[in-house]
Number of protein chains: 2
Amino acid sequence: MEQDINSEKLILNAAKEVFLEKGFDGARMQEIADRAGINKALLHYYFRSKDNLFDAIFKDAFEQFLPRIAGIMTTDKPFFEKLEFFIDTYLNMLSENPHLPVFVMHEINRSPEVLINIIRDSGFNPEALRSMIKKEVKAGTINPVDPVHLIVNIIGMCLFPYMGKPILQGFIFKNNAEDYQKFLTERKKEIKKFVINSIRKKV
Amino acid sequence: MEQDINSEKLILNAAKEVFLEKGFDGARMQEIADRAGINKALLHYYFRSKDNLFDAIFKDAFEQFLPRIAGIMTTDKPFFEKLEFFIDTYLNMLSENPHLPVFVMHEINRSPEVLINIIRDSGFNPEALRSMIKKEVKAGTINPVDPVHLIVNIIGMCLFPYMGKPILQGFIFKNNAEDYQKFLTERKKEIKKFVINSIRKKV
DNA sequence: GTCTATATCGGGATAGAC
DNA sequence: GTCTATCCCGATATAGAC
C-alpha cells in the first residue's frame with residue numbers, strides 16, 4: 001500500500017467522492033477542499049479550473065465503467081466459465097463503486113461530445129466480443145442469440161440494482177439496508193442462473 | 001386534445017423538459033422561461049421557488065417511472081401474456097421519455113429523503129406482484145424463480161438501452177442513430193424471448 | 001397576469017503574503 | 001506549496017410599474 005499522501009492525491013480522491021455523489025453541477029469546490037483537508041485555492045493551484053479537475057475524474061471513471069472484457073475473452077476457458085467470471089468481476093467492481101453508473105450516465109447526457117475523445121483513446125473493441133459469441137452459437141454450445149442483445153441484457157441486469165438502490169431498497173425492502181445487501185450478494189448466482197437457463201442448449 | 005395554453009401549463013411543460021435534460025443543479029430558470037416563451041419573473045409568480053417547481057415535476061416523473069403493474073396483474077390473462085404486455089408498455093413509455101430513468105435515479109441520489117413522502121402517497125404494493133409470480137411457480141407454469149430477482153432482471157434489461165444510449169450508440173453502433181433506433185425496437189421481442197426462454201418449463 | 005429593473009448571494013477564480 | 005482575503009459573474013429571487 002503506497003499511501004502517497006501528497007496533496008494532489010488527496011485532492012483527486014476527494015474530488016472523485018464529491019463528483020460521483022453530486023455530479024458536476026452539484027459538486028462544490030469548497031466541499032472537495034474540505035474533504036481533502038486542504039484549502040480551496042490549492043485546488044486551483046493544482047488543477048486550473050473545476051472543469052479540469054472534473055475531466056481528470058471522469059476519464060478514469062468512464063474507463064472503469066466500460067467492462068474490461070478483453071482480458072477475459074482471450075483466455076481459453078469454456079464459454080460459461082468466461083461468462084460467470086465476467087459477471088463476478090463486474091458486480092464486484094460495482095460493489096466498490098456504487099455511484100459509478102448513475103454518475104457516468106448523467107454526465108454523458110450533459111455533454112455527449114466528450115465521449116468522442118474518450119472513444120478514440122480507449123482501445124475498446126466490441127468486435128472481439130461479438131465474434132466470440134457468434135462462434136459459440138455456431139459451435140452449438142448455446143442457443144442462437146444476438147450478441148449485442150445478450151451483452152446489453154447482462155449489463156442491464158448487473159447495473160440496475162446499484163443505480164436503483166434507493167428505490168428498490170425503499171419500496172421492496174422497506175429500507176432495511178441489511179436485507180438489501182443480502183439481495184445484492186444473491187444476484188451473482190441469480191444472474192448467472194437466469195442467463196445460462198436462457199441460452200443453454202436443451203438436451 | 002385540450003391544449004390548455006395557459007402560462008402554468010407552458011411553464012410545467014418547459015420545466016419538465018429542462019429538468020429532465022439537465023437535472024436540478026444543471027437547470028436554469030432562465031432556460032425554462034425561454035422555452036416556455038414567458039418571463040423569468042413569471043416563474044416565481046406561479047411557483048414560489050425553483051425547489052417548488054422541481055417538486056411538481058419530480059413527483060410526476062417518479063410515479064411514471066414506477067412500472068404501473070397493478071392494472072396488468074389483475075387481469076385474468078395467462079401469465080406469459082401479462083408478461084409480454086408489461087414489457088411492451090414499459091418500453092413504450094421509455095421511448096416517449098428517454099431521459100426519465102437517468103433523471104429519476106440521479107435526483108434520488110441527491111436527496112433520498114424525498115422518497116419517503118412519495119412512497120406514502122403512492123399506493124404501490126409489490127406484494128401483489130410477488131404472490132402472483134409465486135403462484136405461477138407453484139402451478140408449474142414456470143421454473144422456480146425468486147420474484148424480486150425476476151422483476152429486477154426484466155426492468156434492468158428494459159432500462160439500460162435508454163440510460164446508456166450515448167454509450168451504446170457511440171461504441172457499438174458507431175454513432176449511427178438509425179441503427180440504434182432499430183436496435184431499440186428489436187429489444188421488445190428480444191427481451192421477451194430471453195425471459196421466456198429462461199423461466200419456461202422445459203418439456 | 002405579465003413585464004423590466006434590481007437586490008442579494010453563492011461559488012469559481014485570482015492576488016498576494018508567507 | 002499553502003494559506004487568507006477578495007474579486008466578480010451568474011443565477012435565484014423580489015420590487016414595483018403597467
Side-chain angles (χ1 to χ4, degrees), chain A residues 2-61 99 103 106-111 113-114, chain B residues 2-61 99 103 106-111 113-114:
Chain A
E2 1 108 46
Q3 259 293 28
D4 255 330
I5 49 160
N6 57 30
S7 294
E8 194 170 353
K9 276 273 167 60
L10 285 173
I11 292 172
L12 283 170
N13 288 341
K16 184 176 177 182
E17 276 184 33
V18 176
F19 278 132
L20 283 190
E21 284 173 29
K22 312 281 180 78
F24 178 85
D25 293 316
R28 295 288 163 259
M29 295 295 265
Q30 185 62 59
E31 186 173 359
I32 295 174
D34 290 347
R35 290 210 206 177
I38 51 94
N39 191 274
K40 207 173 50 160
L42 211 57
L43 296 180
H44 288 89
Y45 173 77
Y46 280 100
F47 306 84
R48 246 179 35 254
S49 65
K50 187 182 180 182
D51 281 277
N52 277 335
L53 182 51
F54 179 80
D55 287 350
I57 301 298
F58 184 76
K59 197 175 144 48
D60 224 60
H99 290 292
F103 169 73
H106 174 73
E107 298 302 331
I108 279 184
N109 258 343
R110 246 184 9 106
S111 51
E113 324 85 55
V114 187
Chain B
E2 3 107 43
Q3 259 291 31
D4 255 330
I5 50 159
N6 56 29
S7 293
E8 194 170 351
K9 277 274 168 59
L10 285 173
I11 292 172
L12 282 170
N13 288 340
K16 184 177 176 181
E17 275 183 35
V18 177
F19 278 133
L20 283 192
E21 283 174 28
K22 313 280 181 79
F24 178 84
D25 292 316
R28 295 290 164 254
M29 295 296 265
Q30 185 62 60
E31 187 173 359
I32 295 174
D34 290 346
R35 290 210 205 177
I38 50 95
N39 192 274
K40 211 173 44 163
L42 210 56
L43 296 180
H44 289 88
Y45 173 77
Y46 280 99
F47 306 84
R48 245 180 35 255
S49 66
K50 186 182 180 182
D51 281 277
N52 276 336
L53 181 52
F54 179 80
D55 287 350
I57 301 298
F58 184 76
K59 197 174 141 55
D60 225 59
H99 289 292
F103 169 73
H106 174 73
E107 297 303 331
I108 279 184
N109 256 344
R110 248 183 9 105
S111 52
E113 326 83 56
V114 187

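A note on names: the letters A, B, ... follow the listed sequences, proteins ahead of strands, and every chain is numbered from 1. Treat the numbers as computed from the prediction; the structure is a model and nothing was measured.
Proximity of A:H106 to B:N109: side-chain heavy atoms (C-beta onward) are nowhere separated by under 4.5 Å. Between B:D25 and A:K22, every side-chain heavy-atom pair lies at or beyond the 4.5 Å cut-off. Side-chain contact check for A:F47 versus A:E8: some heavy-atom pair is nearer than 4.5 Å.
Here C:dC9 presents its P atom at 18 Å from NZ of B:K50, a figure rounded to the nearest Å. For the pair B:L43 CG and C:dG1 P, the interatomic distance rounds to 15 Å; values are reported in whole Å. The CG-C1' distance, from A:N6 to D:dG1, rounds to 12 Å in whole Å. When rounded to the nearest whole Å, the span between CZ of B:R48 and P of D:dT14 equals 8 Å. In this structure, CG of B:D34 is placed 15 Å from C1' of D:dG10, rounded to the nearest angstrom. Taking atom CD1 of residue A:I32 and atom P of nucleotide C:dG11, one finds them 12 Å apart after rounding to whole Å. A straight line from OH of A:Y45 to P of D:dT4 spans 17 Å, rounded to a whole angstrom. Atom CG in A:L42 sits roughly 16 Å away from atom P in C:dA15 (whole-Å rounding).
Between the CZ atom in B:R28 and the CZ atom in B:R35 there is a gap of 13.0 Å [rounded to 0.5 Å]. Once rounded to the nearest 0.5 Å, the distance linking CG of B:D60 with CG of B:L12 reads 8.5 Å. A distance of 13.0 Å separates CD1 in A:I32 from CG in A:L42, rounded to the nearest 0.5 Å. Here the straight-line distance linking atom CZ of B:F58 with atom CG of B:L53 works out to 14.0 Å at 0.5 Å rounding.
Aromatic ring pairs are classed by plane angle as parallel below 30°, tilted from 30° to 60° and perpendicular above 60°; the pair B:F54 and B:F24 is perpendicular.
Checking A:D34 against A:Q30 by side-chain atom types alone, a donor-acceptor pair falls below 3.5 Å.
Listed in residue order, the members of residues 20-31 of chain B having a heavy atom less than 4.0 Å from DNA chain C come to none.
Residue-environment remark: CZ (B:R48) stays at or below the threshold of 12 foreign heavy atoms within 6.0 Å.
Looking at B:K50, its side chain does come within 3.5 Å of a backbone N or O of B:A27 through a donor-acceptor pair.
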Collect all protein-nucleotide pairs involving nucleotides 5-9 of chain D in which both atoms are nitrogen or oxygen and the distance is under 3.5 Å.
none

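The side chain of B:I38 lies closest to C:dC3, out of C:dC3, D:dG1, C:dA13. Checked against D:dT2, D:dT12, C:dA13, the side chain of A:H44 finds its nearest nucleotide in C:dA13.
Note on the helix from C:dG1-D:dC18 to C:dC18-D:dG1: terminal axis deviation equals 10°, with five pairs used at each end and the result rounded to 10°.
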